[in-house]
Each structure stands twice: as C-alpha cells, then as structure tokens.
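Report on the structure given below.
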Amino acid sequence: MEIKQKIENLRTELREHNYNYYVLDNATISDFEFDMKLKELQALEAKHPEFYDASSPTLRVGGTITKSFETVVHEHRMYSLDNSYSKEDLEDWEKRIQRILGDAPVEFTCELKYDGASISLTYENGQLVKGVTRGDGFQGDDVTSNIKTIRSVPLQLKGGYPPKFDIRGEIVLPFEGFAKMNQERIENGEDPYMNPRNTASGSLKLQDSALVAERPLDCLLYSIVGVNLKLESQSQMLEKARDWGFKVPKAAKLCKTTEEVLEFIDHWDKHRHELPYETDGVVIKVNSIQHQEELGYTSKSPRWAMAYKFKAEQVSTVLNEITYQVGRTGAITPVANLEPVLLAGTTVKRASLHNADQIEKLDIREGDTVFVEKGGEIIPKIVGVDFTKRPISSQPTQYIDHCPECNTPLERTEGDAKHYCPNEYGCPPQITGRIQHYISRKAMDIEGLGGETVELLFKEGLIENYADLYLLTKEQLIPLERMAEKSAENLVKGVAESVKIPFERVLFALGIRFVGETVAKKLAKAYKNIDSLMMATVEELMTVDEIGQRIAESVVSFFSNWINMEIISRLKGYGVQFEVSADKLENQTDLLKGQTFVVSGVFETLSRDELKKLIEDNGGKVGSSISSKTSYLVAGDKMGPSKRTKAEGLGVPIISETDFMNML
Ligand code: AMP
Ligand code: ZN
C-alpha cells in the first residue's frame, strides 16, 4: 500500500477509536492495541514528515513548550451568566422575558452548569485551529497546544459542519482522575490539590503540554457561535455539535413549561453527585435562536439565559475530637473526628481541618456542633460552627506545639500555613513514610515488601532508612510475625533486584521534597548522574525546564545534609543506579549547551522529532517560538514566512538542516 494511504488509514482508525472511547465512553479496542497502532503511526510520521498533519492523533501526547501564552482577542465575546438562587428568581426572569417577547410561547433548554474552566475553540474546515481561555471575556490566552492533548476535544470533525465557527465549553477534571492525581501527589510528599476546578484551569496554563496530556481532563461543550450558521434553536445546536464529534452531555433537556424547568432543577439537585464531574447548577436558555436575538444582551450577560446555582449540600454533626497526623515530610494535618453523618450519599466520619489558621479563624473546638459541606473537594470540609449549641464548658482549641509522634517542638516557616515536625530522622511516621515511598511502585517497585512490613521491620529495629533494606537477611526475617521462609526469600530477592531500577526512578525514590516523577526525570536528563546533581547550585537548577526556586532549594538542601549523603554513598556501594545508563548516554553530548533552537518546516533526512531529540541529547534546548533568547532557527521546507521575518527582525541566525548537522 502507498505510505500516504497507510498513514491516512491509521489516523482515521485511531481518531475513531479515540472518539468512541473518550466521547462516547465506549471502548472499541484494547489499550494495548491502541498503543501499538499509535506507535506505528508515530514511526511512519517520523519517517515521512512530508505528510505532516496538524490534527494527527499523535499530537495528543503533547511535547510543545510554551513559555508565555499569547493574548488573543475573541472574535465573538464570551459573556458571563446572570445567577439565580431560588424559584422566585427564576419566575421573575421568565416574566421579564415573556414581557419582551409578547405572547409567543417560549421554550427552554436546560443544561447542567459544569464547574471547570471555560474555553473557546475555533474550527476551520473541520480542523481545530485555536483554543483560547475566557480571560476577561474580550480576550484570553491562546492555549491551543495544551488543548490538543485533551482526548475528547476533536482535532478533526466528522462531516456536515460550517466552514468556520467557535464552540464554547468547559474543561473539567472528573472526580476519579482528580482523586488519582492527588493520590500521587500525596505519595510524592506534595500537598494535594484543593479542588478539580482550580486544577483544571491551572492545567491549561502549564508550559509543557506533555504534562497536560498526562492529566485526565475532559471537555464538555454547550454553545456554537459564528456568522451564518443557520441554527434555529439551542437544542438543535447541541444535537449538531454532538454529530460533528463533540462531547455534549446527554442530561440537556428541552422544557416546554416552567414546571418542567423546575423538575429538571429538582432532579439534578438530588442526583448531581452521581455525575462523574463537578456541577454547580443548571443553565436555563431560551431555546429559539430568533427569540435569543430579540432578547439580546446586557453589558455582561445574555438576557436569554439564566444560571440557577445549587446550594452546597450541608449537614451538622458533633465534632468529637481533633487529632493530628504526621506525613512523610513531617507536615502536620489536623483531622476532625466527627459523629458519623450522612452527606451527599456517603457516611462522613472525618474531615480535614487544613491547618491551625483555619481552626482559629472558624473558632472550631472539640464538642462543638459543626456544619459540614461537600464541595468540589473529595474530603468534606467544616465550614462553620453552630454557636447556639456550644457546650458551656467549651475551651478554645490549643493547637499542638509538639509532635504527637515524637514530641519534638513543631516549627512553622514564614508564609507556610502548615506546622512541621523537624525531627526528620527520628520521627517514626517520617522514617517509615520515606521507606514506604522508596519501595513504592513508581519508585523502586520492590516486590515482596509492603507498607505494613516496613512498619514491622522498623519496630523490630531492623531498618532505620532505605539503605538498611539492602542488609536484610533471610535469617533475620523468618522469626518475624507472619513471615514464612518463602516470603522472607522473596523480600530479600526483591530488594536485590531493585539495583536495576534506572537512575531517574532512584532519584524520585530518594523522596526529595517537591521532586515528583516528572521533576526527577527532568533532573536525571539534565544532570546525567548524582554527582553532578549534588554540585548544582539553586541558580543552575533553575535553568532546567519546569524547575522553579522552591524545587531547586529543596534539592540543594537535601544534598547538603550529611545523613542523606551517607545513605546515598551506601546505596552506591550496594549497586543502586546513580547515573543514566551507558546506552542512554551513548549518543549524548554537551555540544549545544546553553543554546536554544526553534525548529520549523519540513526536513529532508530527519523528522522534526528526531531533530528535536538530537538538540536535547546534545544539551541544547528546544523553544516553541522565536524570541530574542533564540540562538538559532533551524529552517526546513515550507516554513511560514512570518517566522523568517520575525527571526530576521530579532537578528536570530537562520540555519539549514545541513548547517545544524555540521554543528555536531
Ligand atoms: P459565571 O462564571 O458564574 O459567570 O458563569 C458563567 C460560566 O458558566 C460560563 O463562562 C461558562 O464557562 C460556565 N458554564 C458551565 N456550563 C455551562 C452551560 N451549560 N452553558 C453556559 N455556560 C456554562
Ligand atoms: Zn515527629
């Protein structure tokens, strides 16, 4: 078969599977098969850059770095919505509408109000060309490369669409994916994200689109705007958007009477917790587009639409006791132990109190009757105290000043809301927490050893840090509770095997604060081995992609501690990997260190990705847009004229593929 045809076929097939899975929620191929086909397409595209397509499914994995997002003026303004909080508010609104429209019967479309980050997507000839945040409604940020990684955003539409239009929707982070992300953060010793909405909008502004691709974001659409679209009603618009391949939730309903509108609201007020993503109300829209045009807009919102906000579900219960948890990093989290109570379909026994300030601000005390709410957060929160029920004997809460586990005086640094136990190497939950992190699946993945066994080994005095694991013997283990000969053997074997784990994961396993999986990868790539990483200063570290001051300082402080240095030196002795393996290193040099390249156009011998990899392997950086910081523009065939003009204007040298190869 002709290569071009083969590429086209793979793209069409993957697009369809992607649509079935992410839009229709109905998988038609196994993950494995999908990955194989995607890899095949990636390889073909790399070999044949002449068939580049801006809407290929391979673009979903991201990889573009955007240093600062360009401001874009919305062709059609993004309006806000008026809010209502009661049935009376709604009835008043309907009366106002009816007055303007006269006697004509008015129908409404009711939709859920998705709680995320609003987005406007521009499509031309069926292809996604732009994704822009709402901003102030007049102009927003161009986040196209990040949007392209969201699987439910179609890059190429199915037939029947107008040549050009904008479609508006909401980027949301479904609960399940949000919980998973937080689980990982907790394992990395980072604070969990507060709620899905902020995390969704934060995701859109990440500089590295590959990181966005890893987040389980979803895009729900609700409105099409443009000129000459020939649409007659809101419900028809939703139907069309669905036909073109967009994800439009099925809950939307055409209502002929006010009663039906109120029924819709009542229904979803009760059932919204069954939805996979967060909603904060219902949006009621006049269905007929002609009516919408007659009603028009106020200075900030359409007169033909109204949001109805749900009340957050709230219950009151007694706070029995405040206890304190110590995390792997020593952070103290106060926990409210509640009289069990039913809230939004689940029994709640505990709620997070966040920190000392929060307790003081709300004046929360043991014995109080408190109001508990479930907002976007997975863990319910206490929003206030019912002071009328406060017992007479009540005393203000004295926040602990000593660690509940090791009795060390707690510390609190300026600007940090949390208290910390500074006894890093003597505080039991910190010690075991670090070892548990070291052995975890994404770190050293030690088979035959689990979190409880770590606690047992620590209690028995067999381990005090993760280097001690390598000294364990079968004979020491067999006498322990629930430890048979076979399991002892497996444990020792699992530990021994871990010396094969690559450097980037070892770096993650060390448990340096704020160094999660991704950061560990970036550091391993930039420094190649632990010795050069140890020598790095805060300023040097900050020149690495995605490494900010907070991370850089944490790395430097970790390596300036002699206990850590001693543990690392022991691990080295046991054979743990502290450098990038030789075959990975083979093709790497420092030849292009300190230089930034922008790659544009189509090349003869290399694909764009191969070229970028060569730059990075040789110590250079790949930039996404030309600026005064660009060292070279590597120009291939079909490069846009605007890039050339910009490079010339800034005096950035333009080089060819051959010039580049000569540099190496
Ligand atoms: P507000 O931010 O309270 O002014 O509410 C307006 C925002 O609600 C819009 O900017 C949209 O992002 C969002 N929204 C969520 N769901 C819908 C929907 N079904 N129809 C219209 N807007 C919606
Ligand atoms: Zn402690």
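Hydrogens, waters and symmetry mates are skipped; everything else that's a heavy atom, side chains included, is used. First listed ligand is number 1; within each ligand, the first listed atom is number 1. All values derive from a computational prediction rather than experimental measurement.
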Protein contact of [atom] - nearest heavy atom, named by residue and atom, plus distance:
atom: atom 4 (O) of ligand 1; answer: Ser80 OG, 2.8 Å
atom: atom 16 (N) of ligand 1; answer: Tyr114 N, 3.1 Å
atom: atom 20 (N) of ligand 1; answer: Lys285 NZ, 2.9 Å
atom: atom 10 (O) of ligand 1; answer: Arg134 NH1, 2.9 Å
atom: atom 11 (C) of ligand 1; answer: Tyr222 OH, 2.9 Å
atom: atom 12 (O) of ligand 1; answer: Glu170 OE1, 2.5 Å
atom: atom 1 (P) of ligand 1; answer: Lys113 NZ, 4.1 Å

Is there a donor-acceptor contact under 3.5 Å linking the side chains of Arg365 and Thr397?
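No pair is found: no donor N or O on one side chain lies under 3.5 Å from an acceptor on the other.
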Strictly by modelled atom types, are Gln139 and Thr71 linked by a side-chain donor-acceptor pair under 3.5 Å?
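The criterion, which ignores hydrogens and geometry beyond distance, is not satisfied for Thr71 and Gln139.
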Could you check whether atom NZ of Lys300 has more than 12 heavy atoms from other residues, nucleotides or ligands sitting under 6.0 Å from it?
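Counting neighbours around NZ of Lys300, more than 12 heavy atoms of other residues, nucleotides or ligands fall under 6.0 Å, so yes.
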Begin with the C-alpha distance, continue with both residues' side-chain angles, and end with the deciding distance and a verdict on side chain to side chain contact (heavy atoms under 4.5 Å, CB included) for Leu173 and Phe178.
CA-CA 6 Å; Leu173 191 51; Phe178 178 71; 3.8 Å; yes
Measure from NZ or CZ of Lys158 to the centre of the six-membered ring of Tyr19 and say whether it is under 6.0 Å with the direction within 45° of the ring axis.
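Verdict for Tyr19: a cation-pi partner in Lys158.
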Once the angle between the rings of Trp93 and Phe108 is folded into 0 to 90°, is it parallel (under 30°), tilted (30 to 60°) or perpendicular (over 60°)?
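Rings of Trp93 and Phe108: tilted, 30 to 60°.
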Kindly assign one of parallel, tilted or perpendicular to the pair Trp304 and Tyr297, based on the angle between their ring planes and the thresholds 30° and 60°.
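Trp304 and Tyr297: perpendicular rings.
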Tyr420: which of Thr329, Leu410, Thr413 passes side-chain contact (heavy atoms from CB on, under 4.5 Å):
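Of the listed residues Thr329, Leu410, Thr413, the side-chain contact (heavy atoms from CB on, under 4.5 Å) partner of Tyr420 is Thr329.
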Whether Leu112 lies under 4.0 Å from ligand 1, heavy atom:
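A heavy atom of Leu112 does come that close to ligand 1.
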With rounding to 10 degrees, what does the angle Cys403:SG / the Zn ion (ligand 2) / Cys406:SG come to?
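With the Zn ion (ligand 2) as the vertex, SG (Cys403) and SG (Cys406) sit 110° apart.
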Ligand-side contact atoms (ligand 1) for residue partner Glu111, heavy atom cut-off under 4.0 Å:
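Reading through ligand 1 atom by atom, the close ones are 18 (C), 19 (N), 20 (N).
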With backbone taken as N, CA, C and O and side chain as the heavy atoms from C-beta onward, which portion of Leu81 lies under 4.0 Å from ligand 1: side chain, backbone, both, or neither?
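The part of Leu81 near ligand 1 is both the backbone and the side chain.
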